[in-house]
Amino acid sequence: MIKLLYFAHLREALGTSGEKIELPVGVTDVTTLRSHLALRGEAWSVLTQSQSLRAAVNQRMVGTEALIADGDEIAFFPPVTGG
Amino acid sequence: MSVSVQREAFDVGSEIAALTSGVHDIGAVASFVGLVRDMHGGTNVSAMTLEHYPGMTESALEEIVAEARKRWEIMAVRLIHRFGRLDPGDAIVLVIVAGAHRGEAFAACEFIMDYLKTRAPFWKKEETTEGDRWVEARQDDETAASRWTARRS
């Protein structure tokens, strides 16, 4: 299983703050996970279409090439705006 | 505890006092307080809600403080960032840096804010007269954070 989390504008657009799913076959990194999720339909296409979307794996900000393994927590979110 | 992520308001004076009490080799304390404005991009803002990523937020902030401690000879740091719904005039974030001299304290304080702006997982949603809207990240913040990268040894 992997844990997925969505924040801010993305959470609202997808209508969910997170879920647990089986690690899909063929998903090895952030890019392939984004492509897999984008297949779910209209609202999810943002995962491949948005240039600005950020990702974190196990609570660390990562690039699109970051590897994903079973048991990981992966979060997707817009650029941060704190402070 | 040098880093806190909390709903509650904070008191700058008592936080500085807590950081410096009984420590007499501190010669400089620099602090920064970020506040909610009632105006953004020409639109009135009546309130703001800060969302964050519990767990990652704390570790991201701790990492930024650790990085500041590596770069400058500073003695103590206090960092508080609030989340939840805030009104104009409310404080959002507090950074206090104590050191022997002002140079390190000023620089580390600015560095922590610049890194926090681009690396800590917070998102602001404003309530405005034209409806609710998520605040867009500013390129200026990326630029401000990147100027510290050149100094990395």
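Quick note on labels: first sequence line is chain A, next is B, and so on, each numbered from 1.
When heavy atoms are compared at a cutoff of 4.5 Å, B:Ala60 does not approach chain A at all. With a threshold of 4.5 angstrom between heavy atoms, B:Glu142 approaches chain A through side-chain atoms but not through N, CA, C or O. Contacts between B:Lys124 and chain A at a heavy-atom distance below 4.5 Å involve backbone atoms as well as side-chain atoms. When heavy atoms are compared at a cutoff of 4.5 Å, A:Ala8 approaches chain B by way of both its backbone and its side chain. Only the backbone of B:Thr118 has a heavy atom closer than 4.5 Å to any heavy atom of chain A.
Put simply, of A:Arg11, A:Arg54, A:Glu73, the one with the most heavy-atom pairs under 4.5 Å next to chain B is A:Arg11. Per-residue counts of heavy-atom pairs under 4.5 Å with chain A were compared for B:Leu116, B:Val95, B:Val135; the largest is that of B:Val135.
Judged by the 6.0 Å distance and 45° axis criteria, B:Arg102 is not positioned over the aromatic ring of B:Phe106.
A:Met1 and A:Leu4 sit in two unconnected hydrophobic clusters of ILVMFWY residues. Membership requires side-chain heavy atoms under 4.5 Å apart, directly or through other members. Following chains of ILVMFWY side-chain contacts shorter than 4.5 Å, one cannot reach A:Leu53 starting from A:Phe77, and the two form parts of different hydrophobic clusters.
Heavy atoms only, all atoms of each residue included: B:Phe10 and B:Ala91 are closest at CZ-CB, 3.4 Å.
We find that B:Arg119 and B:Glu67 are not joined by a salt bridge, their nearest charged nitrogen and carboxylate oxygen being 4.0 Å or further apart.
Side chains of B:Asp140 and B:Thr143: no donor on one and acceptor on the other come within 3.5 Å.
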